[in-house]
Amino acid sequence: MRNLDQLQTTIKDLIHDGRGILAIDESAPTIAKRFKAIGVESTEENRRAYRSLLLTTPGLGEYIGGAIFFEETLSQRTPAGIPLPAIAWEQRIVPGVKVDKGKIPLALCPGDQITEGLDGLAQRLQTYRDQGARFAKWREVYTITDQNPSSFGLEANADALARYAAICQEEGLVPIVEPEVLMDGRHNIERCAEVTEAVLHSVFAALLRHHVALELMLLKTNMVLPGTEQPKARPDVIATATHTVLTRAVPAAVPSINFLSGGQEPEESTANLNAINLHRDRCPWNLSISFGRALQQPALRAWQGKSDNGAATQQALLKRARLNSLAMRGAYLPDMER
Ligand code: 13P
């Protein structure tokens, strides 16, 4: 494969024991929603100020090994004029970029969705790479109902993910393959397990068809959880269900599985990650995070759009990053939250 050395180096730089990936790749409508919740307008300057603050957190590189940027962030700079991808790399945080263009309803498949953005992807990747990105992320979303995802929905989404991953590897960017089964709904944990397993089987079958090298990608997926309209499950129950699904469906060649937080509370997602990692010796993959909300939520609340709150914002991010790092070793205790 051309770019093999580059891909292998990025994998090595991204995967470390006790370091996760920070997702700060919210699209324009999503970041506007997050900012609105704290009374901040989503201007380019506010987005730059906030994301620059997060990436310049002293000590962050001890717990975070990669950061997923939104396209716009790749060309933004710190007040001192340093490009944000370069500032991340100063702490050995590998810069990456979300490259999908978001989801739309899948035509003639009521309830299923599909992600857009494949047209012109190779050219866009070349631009992102010149701006410093070394890996990419693409998310497909699956809603659980009694009928969804449909079997055609599974196939169409898996094919999109696999085409994206193949294009990334050809262009020398490590693909993060993200199939996300949403938490929303009244389904139980067994149904989430059933759907997640079917999704992962379809994704790995498509990756195989598209010649994607599994050693040179990361899987970002959901933990196996009951739906949001059900009572919460204990971390050990979630860990067992998640292990069962992953060992059935994820080939051992994949170097790392990085969970998304998906709307779980920060403490909840850390406790679940810890439970999952208590038995990590039974797993062939690194089990880490690629959290967005669960890393950023306390930081956003501390920030409130005010530069005076910079230190408190960085402290809040560092605390979550540190506790998740402990959870990656199965060494987190809820008492540490105090
Ligand atoms: P959450 O951790 O907020 O689910 O976000 C992760 C992400 O990048 C979704 O694509």
Side-chain angles (χ1 to χ4, degrees), residues 11 15 21 112-115 137-145 147-166 168-169 174-183 185 187-227 233 235-262 264 269 272-273 275-290 328:
I11 286 284
I15 303 172
I21 295 176
D112 286 338
Q113 291 152 327
I114 189 87
T115 299
K137 187 199 91 172
W138 179 291
R139 171 174 176 253
E140 294 289 336
V141 180
Y142 305 83
T143 305
I144 300 184
T145 68
Q147 297 80 33
N148 302 101
S150 68
S151 58
F152 177 66
L154 290 181
E155 239 177 80
N157 279 275
D159 248 356
L161 270 173
R163 276 195 64 198
Y164 140 81
C168 284
Q169 289 188 342
V174 166
I176 295 189
V177 172
E178 182 183 7
E180 173 175 6
V181 177
L182 295 178
M183 281 165 67
H187 56 271
N188 57 21
I189 191 168
E190 289 79 13
R191 174 79 176 133
C192 178
E194 176 185 64
V195 171
T196 304
E197 187 179 335
V199 163
L200 293 173
H201 281 307
S202 69
V203 168
F204 282 100
L207 291 168
L208 185 71
R209 284 199 299 278
H210 288 253
H211 312 294
V212 173
L214 302 185
E215 301 80 7
L216 301 172
M217 59 159 273
L218 267 56
L219 176 70
K220 170 166 177 167
T221 196
N222 52 286
M223 298 175 188
V224 176
L225 305 165
D236 61 310
V237 173
I238 289 165
T240 303
T242 303
H243 274 283
T244 302
V245 167
L246 295 179
T247 44
R248 284 181 184 173
V250 183
V254 173
S256 184
I257 300 174
N258 293 58
F259 294 103
L260 57 94
S261 57
Q264 298 177 71
S269 57
N272 290 336
L273 178 73
I276 289 170
N277 268 295
L278 283 176
H279 304 293
R280 69 195 180 124
D281 53 326
R282 293 186 208 153
C283 300
W285 340 269
N286 181 52
L287 289 167
S288 180
I289 58 164
S290 174
M328 284 170 222

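Since this is a predicted model, take the numbers as computed values, not measurements. Atoms considered below: every heavy atom in the structure, side chains included; atoms not considered: hydrogens, waters and symmetry mates.
- If you check the side chains of Ser202 and Asn157, you find no donor sitting under 3.5 Å from an acceptor.
- Between Ile276 and His243, the shortest heavy-atom distance links the atoms O-NE2, 2.8 Å.
- Within 6.0 Å of CZ on Arg209 lie more than 12 heavy atoms contributed by other residues, nucleotides or ligands.
- Taking 4.5 Å as the limit, some side-chain heavy atom of Met183 sits within range of a side-chain heavy atom of Gln264.
- Between the side chain of Thr221 and the backbone N or O of Pro179 there is at least one donor-acceptor pair closer than 3.5 Å.
- Val195 places a side-chain heavy atom less than 4.5 Å from the side chain of Pro149.
- Remark: Leu219 CG to Leu214 CG distance equals 10.0 Å, nearest 0.5 Å.
- A 4.5 Å side-chain heavy-atom check between Ile144 and Cys192 finds at least one atom pair inside the cut-off.
- Side-chain N or O atoms of Arg191 include one that pairs as donor or acceptor with a backbone N or O of Thr145 at under 3.5 Å.
- No donor-acceptor pair under 3.5 Å is formed between the side chain of Glu180 and the backbone N or O of Leu260.
- Counting heavy-atom neighbours within 6.0 Å of Arg163 CZ, excluding the residue itself, gives a total of 12 or less.
- At a threshold of 4.5 Å between non-hydrogen side-chain atoms, the residues Leu246 and Cys283 do not count as touching.
- The closest side-chain donor-acceptor pair between Asp112 and Ser150 falls under 3.5 angstrom.
- Here the CG-CG distance, from Leu207 to Asp159, works out to 10.0 Å after rounding to the nearest 0.5 Å.
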